[in-house]
Amino acid sequence: MKVSVLGAAGYTGGELLRLVHTHPELDLVQAVSRRYAGRPVAEVHPNLHHLGLTFQPPQELSPVDTAFLALPSGASAEVEAGVGEVAGTIVDLSPDFRAGASSASGETYRTGLPELYGDDLPGAARISVPGCMATAAVLALAPLRRAGLVAGDAVVDARTGSSGSGAEPGPASHHAERGQAFRVYRPTGHRHETEIAAHTGVRARMTVTAVPAVRGVQVICHVTPPEPVTRRDVLRVLQHAYRDRPFVRVVARSRGVHRLPDPQFLSGTNFTDVGCAVDEDGRRIVVVAALDNLVKGAAGGGVQSLNVARGLPEQTGLEFPGLHPA
Amino acid sequence: MKVSVLGAAGYTGGELLRLVHTHPELDLVQAVSRRYAGRPVAEVHPNLHHLGLTFQPPQELSPVDTAFLALPSGASAEVEAGVGEVAGTIVDLSPDFRAGASSASGETYRTGLPELYGDDLPGAARISVPGCMATAAVLALAPLRRAGLVAGDAVVDARTGSSGSGAEPGPASHHAERGQAFRVYRPTGHRHETEIAAHTGVRARMTVTAVPAVRGVQVICHVTPPEPVTRRDVLRVLQHAYRDRPFVRVVARSRGVHRLPDPQFLSGTNFTDVGCAVDEDGRRIVVVAALDNLVKGAAGGGVQSLNVARGLPEQTGLEFPGLHPA
Amino acid sequence: MKVSVLGAAGYTGGELLRLVHTHPELDLVQAVSRRYAGRPVAEVHPNLHHLGLTFQPPQELSPVDTAFLALPSGASAEVEAGVGEVAGTIVDLSPDFRAGASSASGETYRTGLPELYGDDLPGAARISVPGCMATAAVLALAPLRRAGLVAGDAVVDARTGSSGSGAEPGPASHHAERGQAFRVYRPTGHRHETEIAAHTGVRARMTVTAVPAVRGVQVICHVTPPEPVTRRDVLRVLQHAYRDRPFVRVVARSRGVHRLPDPQFLSGTNFTDVGCAVDEDGRRIVVVAALDNLVKGAAGGGVQSLNVARGLPEQTGLEFPGLHPA
Amino acid sequence: MKVSVLGAAGYTGGELLRLVHTHPELDLVQAVSRRYAGRPVAEVHPNLHHLGLTFQPPQELSPVDTAFLALPSGASAEVEAGVGEVAGTIVDLSPDFRAGASSASGETYRTGLPELYGDDLPGAARISVPGCMATAAVLALAPLRRAGLVAGDAVVDARTGSSGSGAEPGPASHHAERGQAFRVYRPTGHRHETEIAAHTGVRARMTVTAVPAVRGVQVICHVTPPEPVTRRDVLRVLQHAYRDRPFVRVVARSRGVHRLPDPQFLSGTNFTDVGCAVDEDGRRIVVVAALDNLVKGAAGGGVQSLNVARGLPEQTGLEFPGLHPA
Amino acid sequence: MSVALSVQCPECAGAVPVSDELMVAEIVICQHCSSELEVVATGPVVLALAPEVEEDWGE
Amino acid sequence: MSVALSVQCPECAGAVPVSDELMVAEIVICQHCSSELEVVATGPVVLALAPEVEEDWGE
Ligand SMILES: NC(=O)c1ccc[n+]([C@@H]2O[C@H](COP(=O)([O-])OP(=O)(O)OC[C@H]3O[C@@H](n4cnc5c(N)ncnc54)[C@H](OP(=O)(O)O)[C@@H]3O)[C@@H](O)[C@H]2O)c1
Ligand SMILES: NC(=O)c1ccc[n+]([C@@H]2O[C@H](COP(=O)([O-])OP(=O)(O)OC[C@H]3O[C@@H](n4cnc5c(N)ncnc54)[C@H](OP(=O)(O)O)[C@@H]3O)[C@@H](O)[C@H]2O)c1
Ligand SMILES: NC(=O)c1ccc[n+]([C@@H]2O[C@H](COP(=O)([O-])OP(=O)(O)OC[C@H]3O[C@@H](n4cnc5c(N)ncnc54)[C@H](OP(=O)(O)O)[C@@H]3O)[C@@H](O)[C@H]2O)c1
Ligand SMILES: NC(=O)c1ccc[n+]([C@@H]2O[C@H](COP(=O)([O-])OP(=O)(O)OC[C@H]3O[C@@H](n4cnc5c(N)ncnc54)[C@H](OP(=O)(O)O)[C@@H]3O)[C@@H](O)[C@H]2O)c1
Ligand SMILES: [Zn+2]
Ligand SMILES: [Zn+2]
């Protein structure tokens with residue numbers, strides 16, 4: 001299947017290049033960048049040095065089966081119609097088409113989250129991948145909600161690495177400011193709250209902290225159950241929900257140093273790890289979820305959704321298991 | 001005033017040595033260590049190289065005005081009676097005498113938190129400093145509680161650096177495991193919950209994460225007010241509570257990169273920074289507090305309390321303002 | 001091909017488990033650990049959670065084609081004879097059999113560095129992988145030496161992450177000491193000097209610094225040429241030497257942020273990146289090399305050597321290209 | 001003494017504000033910034049929150065005893081004449097007046113390095129502080145050179161934190177690129193080579209790596225002695241050279257985890273730590289030096305020099321000893 | 001070798017592979033949650049949570 | 001120079017130093033919360049929150 005990546009010089013774009021290269025059924029036609037057109041891809045993504053790729057200008061899009069849009073909010077919306085003319089399928093990572101929006105071609109975007117919308121995806125020609133923190137929180141909360149374990153609002157404490165805001169430098173991402181930061185940059189009112197509500201029906205009261213990591217999202221969801229529950233009750237719900245989902249692992253060990261989901265072990269992988277604990281009185285459930293924002297939270301989620309849409313095995317091209325130690 | 005430090009080879013003990021050296025009214029008599037007795041202090045605390053100090057064995061305690069106990073839980077209780085025979089005043093950093101416990105000499109320990117118990121401290125001969133995460137949460141929650149802004153339980157999301165567990169190596173503190181960790185090591189049931197309740201009357205449902213930092217504690221307290229409030233209401237309460245408290249700064253800026261309390265700027269200082277935000281519907285208050293666990297959360301809190309106990313200016317010896325960039 | 005990993009609970013052992021799982025021609029029979037026998041592998045290596053592996057005790061070794069020894073120095077030597085009875089081939093990562101030592105079975109160990117000893121490896125039944133810093137320095141220096149560009153001794157400034165010293169905790173690897181350390185722990189006399197000399201004929205005067213990273217080795221080799229040279233001369237030598245070597249990339253860009261080899265982009269990969277610069281007067285060559293100590297410097301080097309020994313394509317199972325951003 | 005700081009919103013400027021505030025003989029008149037004029041200093045330097053300072057525009061300079069110039073290269077040269085009209089003394093941190101250049105007022109700039117030029121400084125009205133890496137290398141090499149221990153060129157391997165390039169964001173300082181970087185950004189030809197030669201007579205062949213730290217410079221100087229020497233010989237030279245210099249500590253321990261100079265313990269301090277080792281054959285001396293680029297390498301060096309110039313005790317205002325753990 | 005079957009972990013409901021060679025009183029460990037599980041019956045296999053010492057995990 | 005007095009910031013209640021040279025319509029900035037405050041009266045000084053553009057702060 002021929003594919004192109006728009007925004008290939010960005011962070012999610014770079015991950016798409018890596019994943020497409022690994023994927024046995026996908027062939028890269030163009031790595032598109034305005035700024036770096038004509039320059040070697042390795043100048044921007046040194047990990048891909050050995051691939052010998054060159055960025056292409058956006059003016060000359062070749063026909064492809066699938067185009068990935070790894071563009072900032074607004075830019076996707078702007079180019080979508082034009083891209084639709086050369087690409088049968090569009091996978092968009094931006095927020096532009098998330099809430100079931102319509103393509104310029106009239107088709108409705110399906111949500112690129114196979115764990116919840118796997119049945120919607122086969123045959124899809126327009127796919128929009130949810131936000132990275134939203135994905136983590138949704139995978140943490142949706143099973144509990146369905147099992148009737150969520151009463152009232154949830155408090156969602158989210159932590160994010162610096163790659164979450166992309167490749168564009170600025171005062172907030174300057175290393176000397178950001179290197180050791182625990183910067184509560186969005187204490188209330190994060191826009192992912194809406195996405196979480198749309199996918200789970202739970203009102204999430206989020207607080208987001210920029211933490212000293214490059215990759216990784218971790219959410220701690222504090223949920224009040226309608227009646228006291230046990231850890232065992234909640235674990236059962238999670239295990240049941242994700243028994244057949246290759247990319248969600250239930251991680252809640254009672255021994256060892258690493259017991260609950262930790263993003264450090266997920267860099268480069270398409271996993272979301274989910275685990276839980278419960279207060280002694282059974283009146284608070286703590287669900288922890290972690291993922292790599294650039295992979296499961298963006299590029300990998302897009303490839304996974306495309307696999308499902310095209311009837312390929314869901315894990316194709318996404319087998320990297322992550323590293324320990326990290 | 002002559003002072004000794006027991007546990008001087010540990011992390012809070014090392015900070016006591018630094019602070020005592022800076023303090024114009026305190027003179028160090030002994031830096032006590034079992035394991036390093038006879039060895040140069042600089043072998044353990046390289047920052048103190050130029051002071052030319054040597055560790056002393058615990059067998060030969062000299063008489064002093066004040067002894068600081070920077071010992072693990074249990075060890076303080078064990079030595080307290082003996083220390084009381086050579087020291088008029090004891091300042092204990094361990095949990096052993098926290099809940100108003102009695103000294104072997106019969107005296108009641110006062111709580112070494114001048115912001116709440118400043119009136120109790122003058123003349124005190126036994127001082128017990130609260131836990132580091134407890135201190136942060138208490139300074140965040142106490143004013144809100146007094147102002148009637150706390151209905152029901154609070155969710156307290158706490159993050160801690162690795163120095164919080166002391167100088168003893170182990171599998172969980174091994175650099176290759178801990179360096180990039182977001183390890184939710186105590187999702188529920190942390191013992192500081194009890195301390196917070198005792199000092200504020202608020203039930204804190206804590207979740208504690210070990211984060212990639214050496215020093216620093218940050219707590220995010222999610223509080224439900226009895227009725228909707230505004231950010232302005234909460235800020236007013238905080239400003240009012242800490243107007244005359246030299247070591248609590250209300251930090252809640254509406255511009256700039258760094259708006260809410262961030263522990264990165266507090267390393268080495270005795271400050272607790274406190275700030276807040278409120279959900280748009282006024283139904284959740286987010287209070288953020290940060291401090292250096294080894295200073296305000298331990299050694300500095302002890303020196304500050306001793307200053308108050310002895311009628312010295314509260315800030316004596318604690319003037320270091322912290323660094324930017326960190 | 002059936003394989004077992006001894007020392008599977010260690011860091012290079014964990015990487016072997018990961019690589020063997022990925023490798024289409026290798027099947028894991030046993031992941032051996034004394035301490036964790038009977039426990040899930042994921043308790044120690046959380047990245048492998050989804051594989052459902054369990055550690056096996058060393059007492060019950062099953063017959064295999066190849067056994068990997070990922071054991072400390074001394075331990076390999078101790079078990080080698082016994083392992084030789086159940087395994088046709090042994091790949092040892094320890095220093096025990098490095099200098100062309102003999103197996104208990106009488107066979108000579110071949111050096112597991114296909115870039116230099118590729119012709120020696122086909123058919124080999126005993127393979128010893130060189131040290132991680134040695135590998136980096138050897139790949140940097142060998143081509144220059146062969147080209148007659150090295151006069152006199154070389155100065156080798158080596159930097160290493162904390163995983164280089166394995167999974168065993170201790171005071172030097174305690175996070176609060178190691179997290180921000182630039183610890184020159186071996187200013188002179190590192191044992192890899194001997195290995196470098198043996199493989200290149202160059203006397204390397206090494207200085208080794210423990211730096212704030214978990215994975216990664218970087219060496220800066222300062223070489224005096226017999227006569228002034230240009231950067232182009234040196235690049236030509238490197239390009240020529242590694243033209244057909246899949247795992248050595250010559251990285252020396254004149255544009256972009258990342259121009260010379262940086263270990264941050266090599267985590268998890270089997271690459272060694274090599275690049276160079278030359279002083280304006282042509283009298284000093286600076287060669288920079290970087291690799292992942294646990295992969296190319298150990299487990300990956302072992303798998304690569306086994307591939308060559310068994311006539312498989314050299315890159316089999318070692319395709320992961322690394323991440324950007326890291 | 002009334003002082004002003006130009007470039008007060010920058011990194012060395014911020015440190016000057018901190019040091020001036022601590023200094024009993026210096027009173028801040030103006031913290032000058034073009035971009036932030038009228039804004040609270042704490043918006044930029046959160047550590048100074050409690051000081052209640054406001055940036056002033058450069059158009060309205062008040063008369064002062066001393067003006068500190070913490071401006072980029074070129075900017076100092078541009079404003080120097082004007083500043084000279086309102087300030088009796090100028091302390092410049094930029095490279096603009098380093099090689100004994102002349103002030104617009106005709107006076108020659110003295111070198112702000114009291115360890116070498118202490119006799120030159122009393123009474124000085126124009127002081128230029130050397131570069132940060134140059135300072136480290138000069139303090140490492142000068143005593144050896146004077147003792148006749150340096151034959152030929154030295155290789156200087158320098159590592160620098162991200163604050164070394166100031167507060168201005170850019171692609172190379174973007175956190176996701178820089179956070180884990182070992183970026184050999186100046187393998188040859190660094191401009192500090194000239195400064196080192198000028199102050200020591202040694203040709204330093206430098207290689208500079210940007211490392212994962214915010215503050216801190218560390219240099220490893222590899223020196224060939226004319227004849228074999230012992231570690232003791234070299235230590236003796238260093239001890240002798242710095243016996244009476246309060247800010248240079250000779251650190252070369254034979255026990256403990258931290259034996260040679262490590263910048264992690266120098267953040268915020270005005271120390272340069274210097275230590276050494278010698279190859280077994282006596283033919284290579286390794287001298288390690290470390291400092292905080294923003295303090296001893298800039299702002300602190302300026303204050304120290306001003307102290308000497310005005311006849312104040314050299315350490316005034318510079319007493320902070322640094323932190324352990326860091 | 002015996003056929004790989006699986007039963008639910010009584011703690012986390014994760015799938016625990018059990019062979020028909022398991023005997024009563026043997027301990028198996030759940031891969032998902034690390035719980036130690038005691039075989040309390042066979043044919044079919046029934047697992048129960050074994051009493052476990054709460055291990056300290058640092059910090 | 002004028003005597004340093006202070007009034008409360010209308011946003012955060014922090015102390016804002018005001019001099020008697022302040023004039024109506026001048027803007028002062030609160031050191032505590034960075035709010036821009038407009039002088040709406042003098043003698044005594046009264047401050048009001050000035051309308052502010054919500055500045056993006058990255059991430
Ligand atoms: N980073 C994450 O963790 C993450 C997670 C989930 C979703 N997302 C979403 O994924 C999208 C891409 O994010 P990213 O982090 O990869 O961003 P990024 O690193 O900033 O890269 C975006 C790329 O888009 C190109 N671009 C920028 N403005 C453009 C415009 N107006 N028109 C066309 N091209 C433009 C740029 O390349 P040239 O200038 O070279 O053309 C740039 O490299 C965003 O919508 C983001 O919200 C990101
Ligand atoms: N670290 C923090 O952030 C923090 C914050 C608030 C409160 N605290 C409390 O402060 C106390 C000290 O903590 P820390 O982090 O400084 O600990 P630490 O780094 O582990 O040091 C404790 C020192 O106590 C000595 N010691 C250990 N066991 C002893 C025993 N049984 N009897 C006598 N001495 C013993 C040891 O020195 P020798 O073996 O050389 O004698 C050790 O260096 C603890 O109670 C802790 O809970 C710590
Ligand atoms: N780390 C590196 O970067 C690197 C690079 C190149 C080469 N190497 C070499 O590779 C080897 C393994 O290094 P590593 O870093 O993986 O070490 P490691 O993390 O310390 O693991 C070694 C494992 O060996 C087992 N072990 C320890 N002592 C043993 C003994 N006496 N007998 C049998 N088993 C024993 C231990 O497991 P149990 O206690 O559970 O049995 C341990 O997990 C070493 O020889 C090292 O020099 C390492
Ligand atoms: N960083 C170090 O480690 C270090 C060490 C030794 C020496 N130095 C030298 O110290 C000087 C300052 O370095 P820094 O790191 O503090 O730089 P910085 O963080 O970039 O700050 C420089 C400040 O100067 C002001 N400025 C910039 N351009 C100007 C111009 N054309 N005219 C007037 N003001 C201008 C800027 O403030 P406004 O825009 O707000 O006016 C800026 O905040 C440089 O010359 C540097 O080479 C730095
Ligand atoms: Zn289980
Ligand atoms: Zn205000």
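Below, chains carry the letters A, B, ... as their sequence lines are ordered, and counting in each starts from 1.
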Report yes if the side chains of A:Met133 and A:Met206 come closer than 4.5 Å at any heavy-atom pair, otherwise no. yes

State the OG1-CD1 distance between A:Thr135 and A:Ile196, to the nearest 0.5 angstrom. 9.5 Å

Any luck finding a side-chain donor-acceptor pair between A:Arg284 and B:Thr207 under 3.5 Å? yes

A:His324 portion near chain B, given a 4.5 angstrom heavy-atom threshold: side chain

One option among A:Ala176, A:Gly179, A:Ala181, A:Pro325 has the most heavy-atom pairs under 4.5 Å with chain B, and it is A:Ala181

With a 4.5 angstrom heavy-atom cut-off, could you sort out which part of B:Pro212 is near chain A: side chain, backbone, both or neither? both

Under 4.5 Å to a heavy atom of chain A? For B:Gln218 that would be side chain

Name the option with the most non-hydrogen atom pairs under 4.5 Å to chain A; the candidates are B:Val278, B:Asp281, B:Ile220. B:Asp281

Would you name the heavy atoms of A:Leu139 and A:Val274 that are closest together and state the gap between them? O-CG2, 4.4 Å

How are the rings of B:His222 and A:His222 set relative to one another: parallel (under 30°), tilted (30 to 60°) or perpendicular (over 60°)? tilted

B:Phe247 and B:Thr272: CA distance, side-chain angles, deciding distance, side-chain contact (heavy atoms from CB on, under 4.5 Å) verdict: CA-CA 6 Å; B:Phe247 289 118; B:Thr272 302; over 6 Å; no

Chain B shares the most heavy-atom pairs under 4.5 Å, among A:Arg159, A:His174, A:Arg283, with A:Arg159

Greatest number of heavy atom pairs closer than 4.5 Å to chain B - which of A:Val286, A:Asp157, A:Asp153, A:Val288: A:Asp157

